[in-house]
Amino acid sequence: MSQITVRSVVYQIDGQPYEGRLAFDAAHKAARPGLLMAPNWMGVSAGAEKIAEAVAAKGYVVLIADLYGQSLRPSDASQAGAAMMPLKDDRALLRKRMQAAFAALQSQGEAAVDTSRLATFGFCFGGCCALELARSGAPVKAAVSFHGTLDTPNPADANNIKGSVLVLHGAADPFVAKEQLPAFEAEMDAAGVDWQLVSYGGAVHSFTDTHANLPGKMMYDAKTSARAFATMHYLLDEVFSG
């Protein structure tokens, strides 16, 4: 069984420090596919690290993007919302921070990354971030959203998407407006994107978050979580098999 190492990766955006966390198998020296993980609105956290470690154990180098800056680590929902909303309201800024983290994944010196095999995935707010990175034209083979919002200010940006898109959605998620689903499908179809949308019956928001416990709103669902991660890994195996 692989032993996953976690290291800090500090990088700069406009002269300000950002600190992501890199998860990888240090015993494996050959280059491996690189995944940029966008965490939920709590940002870089112990929970995010746990997910990154589990994914890295499947044979990837995973960098958790720091979307807020090294000095900002939300400790509650109020702080997380205050940190998140300026980025949701300014998708150019959101993309800039994702692009910087994406560059850091490729340039960091801790673990060898195969830069021909790159992808992104994210959770809740991070799902939105993963999709926006793909819409920006980043060279990702896949972009995966777990219980994330799907709206975007300029749907035509889907024409920039270079890889496959996978949305893993809770059918009973009260935080993703129902009209976002057909709009997303139309956006992807208009751009000719290879896309999938998997809707899990009965699942609400945050179904992968083991700490989510607000019935009817945000709730961990072990079965749905396992199915969703298996679906992501199936897609990654497919797009990286070349």
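Closest heavy-atom contact between Val239 and Ala142: CG2-CB, 4.2 Å. Closest non-hydrogen pair, Val10 versus Pro17, comes out as CG1-CB, 4.4 Å. The heavy-atom pair separating Val6 from Ala23 by the smallest distance is CG2-CB, 4.3 Å. Summarising the geometry of Pro74 relative to Leu72, their closest heavy-atom pair is CD-O, 3.8 Å, with the distance given to 0.1 Å. For the residue pair Val61 and Ala112, the shortest heavy atom distance occurs at CG2-O, 3.7 Å. Shown here for Ala80 and Tyr68, the closest heavy-atom pair between the two residues is O-OH, 4.0 Å.
If you take SG on Cys124 and CE on Met42, they are separated by 11.5 Å, rounding to the nearest 0.5 Å. Leu197 CG to Ser145 OG: the interatomic distance, rounded to the nearest 0.5 Å, is 9.0 Å. In this structure, CE on Met37 lies 12.5 Å from CG on Leu22, to the nearest 0.5 angstrom. Rounding to the nearest 0.5 Å places CD of Gln79 at 12.5 Å from CZ of Arg73. Atoms NZ and CZ, on Lys58 and Arg32 in that order, are 12.5 Å from each other to the nearest 0.5 Å. Rounding to the nearest 0.5 Å places CD of Glu187 at 9.0 Å from CG of Asn154.
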What pairs of donor and acceptor atoms, side-chain ones from residues 221-228 against any protein atom, are under 3.5 angstrom apart with sequence neighbours left out?
unit_1	atom_1	unit_2	atom_2	d
Asp221	OD1	Lys223	N	3.2
Asp221	OD1	Thr224	N	3.0
Asp221	OD1	Thr224	OG1	3.3
Asp221	OD2	Thr224	OG1	3.1

Please output the side-chain donor-acceptor pairs of residues 158-172 that fall under 3.5 Å, not counting sequence neighbours, one pair per line with the distance.
unit_1	atom_1	unit_2	atom_2	d
Asn159	ND2	Ala156	O	2.8
Asn160	ND2	Arg135	O	3.0
Asn160	ND2	Asp157	O	3.3
Lys162	NZ	Gly137	O	2.9
Ser164	OG	Asp194	OD2	2.6

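Counting heavy atoms from C-beta outward, Val55 and His233 have side chains that approach closer than 4.5 Å. Using a 4.5 Å heavy-atom cutoff, the side chains of Met98 and Leu87 are not in contact. Asn40 is not listed as a side-chain neighbour of Ser206, based on a closest heavy-atom distance of 4.5 Å or more. The shortest side-chain heavy-atom distance between Val113 and Phe24 does not fall under the 4.5 Å cut-off.
With respect to His147, the ring-ring contact (aromatic ring centres under 6.0 Å, His included) criterion is satisfied by exactly one of Phe207, Phe125, Phe121, Tyr220: Phe207. With Phe102 as the fixed residue, the side-chain contact (heavy atoms from CB on, under 4.5 Å) test singles out one of Thr120, Leu63, Leu118: Leu118. Here the rule is ring-ring contact (aromatic ring centres under 6.0 Å, His included) with His205, and of Phe146, Phe123, Phe175 only Phe175 fits it.
Using a distance-only test at 3.5 Å, with no hydrogens or angles considered, no donor-acceptor pair links the side chain of Gln16 to the main chain of Ile13. Using modelled atom types, no side-chain atom of Gln180 and backbone atom of Val176 make a donor-acceptor pair closer than 3.5 Å.
Between the side chains of Ser8 and Glu19, at least one donor N or O sits under 3.5 Å from an acceptor N or O. Ser136 and Gln99 form a side-chain donor-acceptor contact under 3.5 Å, judged by distance and modelled atom types alone. Lys88 and Thr149 are linked by a side-chain donor-acceptor pair at a separation below 3.5 angstrom, with hydrogens and angles left out of the test.
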Residues Arg97, Asp90; criterion salt bridge (charged side-chain N to carboxylate O under 4.0 Å, His left out); working and verdict: CA-CA 11 Å; Arg97 294 191 183 177; Asp90 186 344; over 6 Å; no

Worked verdict on Arg91 versus Asp151 for side chain to side chain contact (heavy atoms under 4.5 Å, CB included): CA-CA 11 Å; Arg91 297 301 173 92; Asp151 61 308; 3.5 Å; yes

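Cluster membership for Leu133 and Tyr18, using ILVMFWY side-chain heavy atoms within less than 4.5 angstrom, is shared. The hydrophobic cluster containing Val144 does not contain Met188, counting ILVMFWY residues as joined when their side-chain heavy atoms lie under 4.5 angstrom apart, directly or transitively. Cluster annotation: Leu235 and Tyr200 are assigned to the same hydrophobic cluster (Ile/Leu/Val/Met/Phe/Trp/Tyr, side-chain heavy-atom contacts under 4.5 Å, transitive). In the hydrophobic clustering of this structure, Val62 groups with Phe229; members are Ile, Leu, Val, Met, Phe, Trp, Tyr whose side-chain heavy atoms approach within less than 4.5 Å, directly or through other members. Put simply, Leu236 and Ile64 are part of the same group of oily side chains (I, L, V, M, F, W, Y) that touch within less than 4.5 Å, one to the next.
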